[in-house]
Amino acid sequence: MIVATFADFMQQIVSGLASGGIYALLALALVIIHRSTGVINFAQGEMAMFSTYIAWTLTVNHGWSYWPAFVATLAISFGGGVATHRIVIRPVERGSVLRIVIVTIGLLIAINGFVVWEWTGEPQQLKSPFGSGVVDVGGVAIAAQDIGTIVVALVIVALLWALFQYTKVGLALRASAVNPAEARLVGVRVTWMLALGWGLAATLGAVAGMLTAPSVGLDPQMMQAILIYAFAAAVLGGIDSPAGAVVGGLILGVLLNMLGYLSQYGAFDWFTEELRLPTALLIILVVLLVRPTGIFGKPEVKRV
Amino acid sequence: MSRRATRIAGFAGFAALVVVVIFLPAFISDFKTQQYAYVGIYLIALLGLNILTGYTGQISLGHGAFMAIGGYTSAVLMVGNTQFGGPIGGGVRDVWTIPIAGLVAGVIGFLFGIPALRLSGLYLALATFAIAVATPSLIKRFEEWSGGGTGIQLFGKPQATGSLAGQVTILGHTLTYNEWLYYLAWTFALVAFVVAWLILRGRTGRAFRAVRDSETAAVSSGVSLARYKTLSFGISAGYAGVAGGLFVVTNSYVNPDTFPIALSILLLIGIVVGGLGGLAGLVFGAIFVEFITFWAQGEDLGSHFPGFIVDQTKKPGGPSIVYGVVLILLMFLLPDGVGGLFRRVGQLFSRRR
């Protein structure tokens, strides 16, 4: 029998928050897109994975150092997101839900294929900017990677919040999401705002991918499970609520880690690693059935 | 075309399909025969999915999960799971396990249809997608039922119909192993096709279409949403179960990765290629689903697309690019699939008259 200690427990909480931060970023990307264009982007995970490969190839094949590569990747991803909306999504945006779903799935397959085609499916190693060291916080040893992940996630969320809340572009973005027709009337270029939303989402995904790769290894399947966690986080928090996505992501990260941790000590002993994904699925189903708007969402009113 | 002419053309088309199905193995290699057995299996799955998505308007990205239920039901009934510590002895001949597989999956699909009533559109897509992703881990978790990650081996078991290979001779032709699989799959496929047609042509089919076109209008005309949505889920999952059972029999092996998320996606693509809300086009959808997999494994892509590098060891993934792009273009250009194209050509002729 392993003895549980307070330090152990705190470690698990922090590493849960770190994975939760990643889920939160990707969930935020999903929420931004869903709010503005009403699309659930099944390719979000693959877009993030693609961005991470760009960061990897810049650092490994082109000799860039980490942070410049990080910034360049964000810029490229932003451009890619905007282009994706303009070229691929706009033509079907007003069509049936099925068409949109299939187009984003086509995107998923094509991006995955492109990455495998360009860089093979071999697992790669993206180095962590935070090193593999351990930081002592009040007697609790915590991986530097975990702390770095949490900090970066929080900074990004804060920046995004500031963008939406305090800038003119942010206001236009919110206006186009809430009421595109009236936004257009007052001179907001709505289609560009939607494309901008896609760009921001792609950028968020890129951050999530670059934070994920050092701990799980970089391969074309890297983000697939994380996409499901992000779905679960977004649904849990309310699929139209950015704050909800962040809170949902953190809750989910800590919850899954805690279940895994406690199952070692006899509590929740039915829980095994294989049940991580099904648990996320269960959360999605239960939330959709019991409270479809999630924790923070507002009920949707449908006019006939 | 008048209604009667359409009906006659439909019967003629089906008769032609039956004839082609019967004689096809005589003209193709043994290996191709097995591939066409899979075409029959995919046809069943696509028929089921189209009843749900094309006719009733409920998106499922998780039909691979229902196939998995059917597949495991067949495998467990054939060889049992006592060797993993499970309760079932097995020993049932594969042909009889298939309807049971359909029934089990159908009941589970019906039950899933009840919570799914509260979801629509994108949310349903999301929930079913999550199910498809989670299925392999769930199968691994319940090891004493499913054999865990190792899976269940069916090859060479006397319960398999293929074990009759070389023993039966019809008109001087001795049926090979793959021909047994082929005729087994296509017998079920043709029956499934007729059953789907019978279901969809009458009252039930009208109710399904009413739900798809406008739920509000359907309710105000007295169509029970709960009844027809769950029914559609049940029938659709039952079809998937039958397809899953046949898939496992043909594969003679099942493990948690036999029914990956890619399969669920492929099925959805199959009905889009074949045409939503039509039956005949699905044959092309099934052919597409079967052979795109072989493309994706890089069989003869180089000969189809000269620009692509043939050496697959250096550049895998190329087929997926083509595949994804084709899918997107299809949505832009041909949203009604091959079946829709046929209908358009048909209309062209009728206008001319």
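Note that the coordinates shown come from a computational prediction; the quantities given were computed from them, not determined experimentally. Just so we're on the same page: letters track the sequence lines, and every chain starts at 1.
Heavy-atom pairs under 4.5 Å with chain B peak, among A:Ile239, A:Leu275, A:Val92, at A:Leu275. When the candidates A:Asn112, A:Leu285, A:Val88 are compared by the number of heavy-atom contacts under 4.5 Å with chain B, A:Val88 comes out ahead. Looking only at heavy-atom pairs under 4.5 Å with chain A, the residue among B:Ile269, B:Val325, B:Leu126 that has the most is B:Leu126.
The shortest distance between side-chain heavy atoms of B:Phe129 and A:Ile228 falls below 4.5 Å. By the 4.5 Å heavy-atom criterion applied to side chains, B:Leu122 and A:His34 are counted as neighbours.
The stretch residues 51-64 of chain B places B:Thr53, B:Ile59, B:Leu61 near chain A, each with some heavy atom under 4.5 Å from a heavy atom of that chain.
To the nearest 0.5 Å, atom CD1 of residue B:Ile261 and atom CD of residue A:Gln221 are 12.5 Å apart.
Only the backbone of A:Ile87 comes within less than 4.5 Å of a heavy atom of chain B; no side-chain atom from C-beta onward does. Using a 4.5 Å cut-off between heavy atoms, B:Leu138 contacts chain A through both its backbone and its side chain. Proximity to chain A is absent for every atom of B:Leu117, based on heavy atoms less than 4.5 angstrom apart.
Taking each heavy atom of A:Ile284 and B:Ala127 in turn, the nearest pair found is CG2-CA, 4.5 Å.
Contacts of A:Tyr23 classified as ring pair (Phe, Tyr, Trp, His ring centres under 6.0 Å), with partners at least two apart in sequence or in another chain: A:Tyr229.
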